[in-house]
Number of protein chains: 2
Amino acid sequence: MVIRYPNGKLYIGTKEDEPKQLKVRASKGTKKKEVSYSNRGKSLEDDLNETNVFYLQQKLAIIHKKPVPIQIVKVDYPARSAAVIREAYFRTPSTTDYNGVYNGYYIDFEAKETDSKTSFPLKNIHPHQMEHMKSVLHQRGISFFIVRFSTLQRNFVVLYEIVERFYENMKNGGRKSIPFTFFETEAIEIHEGYLPRLDYLKAVDVLIADKAVCESEEK
Amino acid sequence: MVIRYPNGKLYIGTKEDEPKQLKVRASKGTKKKEVSYSNRGKSLEDDLNETNVFYLQQKLAIIHKKPVPIQIVKVDYPARSAAVIREAYFRTPSTTDYNGVYNGYYIDFEAKETDSKTSFPLKNIHPHQMEHMKSVLHQRGISFFIVRFSTLQRNFVVLYEIVERFYENMKNGGRKSIPFTFFETEAIEIHEGYLPRLDYLKAVDVLIADKAVCESEEK
């Protein structure tokens, strides 16, 4: 299946959606020592959580971040108080971070942030996440990435199928990242706003419409 | 919307699916002291996890149990080894335990086990779970309960909408449980098997077909 986007830049979001003042973020860099992947791209995560709360309240979609899986080893039950976990370890998630339902569609995505100004490194994506997203596609769900270039303060929604092409190419010895210019021309840009913070459902509407066009062309 | 099931008992599953010897389970009772809800009905959870692995391997559906949400307070980073969580607490889940995608449908359910031989107590269901499932319905997902009467060794799939009627009735002073006889006549029974252990997708197929009939009648 080939997904064709309209030529040139595709912007989602109106002028009113744009923040009046650009939010300055503390650049924390990538701490390689961290075991939990949940802290990578914390600010994108915050924005998405706020957005998801907005969607939920407005009855637009039900999308939640999955809790980080934890292996619990030891729990104390102190008298008259709540159980306390005293020894536990982070486990590697076997799926993506976010899923839910939007107007009958199963939505499944991964959020990734990069400091790079020139490309999105594919090493940010785990093989098991790619496998999971491929399965989602097979079950006719909508599977995509939200990628934030944090230094550039720009956010993109990119369909799993597109990332897969780069990923497979990398496995065959090709380049290990997706160029920023590719996002500019082939992905759907989403702008930060006030409410919702990051209106990615607008981009999902485009993905769904594109898929419908492709499926009807295939018939 | 009224969901009509065929009259009389509706059995899903063939003779071959039935286990040759009934599995004897250790009756653990309900430990009221436990804070984590994840340990309630452990054996049903095991069966569902095995079933979900089977569905995943056979490319039939992608359904996962969500990790139990944990509030992490203190983490140690010992040199040359994995991070250790030293203080954390169980949080109440805000959604159901299981969700995923099946042939384009968003699937969302809660698994509950009871020792009672006569009825399913509604206090097993948290108000926030009911709210979540109502929202799922609004977004055109498939929302249901899998209820195990562990003493009777019988399992049922029951649509959220049906449980909702009992739940609302309870809030207005009505009975606090759903009678077992109601499950026998109005829910879809699923039998334990070898592979998959608990083939609930067969019941989901019936739910989807029933919904399609109701929706076409509404038009």
Side-chain angles (χ1 to χ4, degrees), chain A residues 31 33-36 38-39 53 55-57 59-77 79-91 93-96 99-108 131-143, chain B residues 31 33-36 38-39 53 55-57 59-77 79 81-96 99-108 131-143:
Chain A
K31 288 176 191 164
K33 280 180 77 180
E34 278 176 26
V35 172
S36 163
S38 66
N39 288 329
V53 167
Y55 287 157
L56 194 64
Q57 287 170 343
K59 298 185 188 298
L60 293 171
I62 310 160
I63 295 159
H64 288 281
K65 183 174 190 297
K66 291 177 209 163
V68 181
I70 305 281
Q71 180 74 48
I72 298 169
V73 176
K74 191 177 163 223
V75 184
D76 280 354
Y77 296 92
R80 280 185 291 276
S81 47
V84 190
I85 298 162
R86 287 296 180 198
E87 187 185 348
Y89 299 90
F90 295 103
R91 288 195 325 215
S94 56
T95 63
T96 46
N99 78 350
V101 58
Y102 167 53
N103 194 23
Y105 292 97
Y106 174 75
I107 301 294
D108 196 298
E131 275 169 43
H132 169 75
M133 291 171 99
K134 195 186 190 81
S135 306
V136 167
L137 199 66
H138 181 78
Q139 290 295 329
R140 303 199 285 128
I142 310 285
S143 201
Chain B
K31 288 176 192 164
K33 281 180 77 178
E34 278 175 25
V35 171
S36 164
S38 67
N39 288 328
V53 167
Y55 288 157
L56 194 64
Q57 287 170 343
K59 298 186 188 298
L60 293 170
I62 310 161
I63 295 159
H64 288 281
K65 184 175 189 296
K66 291 176 209 164
V68 182
I70 305 280
Q71 180 74 47
I72 297 169
V73 176
K74 190 177 165 225
V75 183
D76 280 355
Y77 296 91
S81 47
V84 190
I85 298 162
R86 287 296 181 198
E87 187 185 348
Y89 299 89
F90 295 103
R91 288 195 325 216
T92 308
S94 57
T95 63
T96 47
N99 78 349
V101 58
Y102 167 52
N103 195 24
Y105 293 97
Y106 173 75
I107 301 294
D108 195 298
E131 275 169 44
H132 169 75
M133 292 170 98
K134 195 186 189 81
S135 306
V136 166
L137 199 66
H138 180 78
Q139 289 295 331
R140 303 198 286 129
I142 311 284
S143 200

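Letters A, B, ... are given to chains in the order of the sequence lines, protein chains preceding strands, and every chain is numbered from 1.
Looking only at heavy-atom pairs under 4.5 Å with chain B, the residue among A:I142, A:L56, A:I107, A:L60 that has the most is A:L60. Listed options A:Y102, A:Y105, A:Y106 were ranked by heavy-atom pairs under 4.5 angstrom with chain B; first place goes to A:Y106. Ranked by non-hydrogen atom pairs under 4.5 Å with chain A, the options B:N103, B:V73, B:V136 are led by B:N103.
Side-chain contact between B:V101 and A:D108 is absent, with no heavy-atom pair separated by less than 4.5 Å.
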*Verify side chain to side chain contact (heavy atoms under 4.5 Å, CB included) between B:I85 and A:Y89, making sure each step is shown before the conclusion.*
CA-CA 6 Å; B:I85 298 162; A:Y89 299 90; over 6 Å; no
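Only the side chain of B:I72 comes within contact range of chain A, with at least one heavy atom under 4.5 Å from a heavy atom of that chain. Contacts of B:S135 with chain A are made by both backbone and side-chain atoms, with heavy-atom separations under 4.5 Å. Only the side chain of A:V75 comes within less than 4.5 Å of a heavy atom in chain B; its backbone stays farther off.
Using cut-offs of 30° and 60° for the angle between ring planes, the A:H64 and B:H132 rings count as tilted.
A donor-acceptor contact shorter than 3.5 Å is absent between the side chain of B:Q139 and the backbone of A:G104.
Nearest heavy-atom pair across B:P69 and A:P67 is CA-CB, 3.9 Å.
B:I70 CD1 to A:F90 CZ: the interatomic distance, rounded to the nearest 0.5 Å, is 10.5 Å. Here the CZ-CZ distance, from B:R86 to A:R86, works out to 10.0 Å after rounding to the nearest 0.5 Å. Summarising the geometry, atom NZ belonging to A:K66 is positioned 11.0 Å from atom OG1 belonging to B:T95; distances are rounded to the nearest 0.5 Å.
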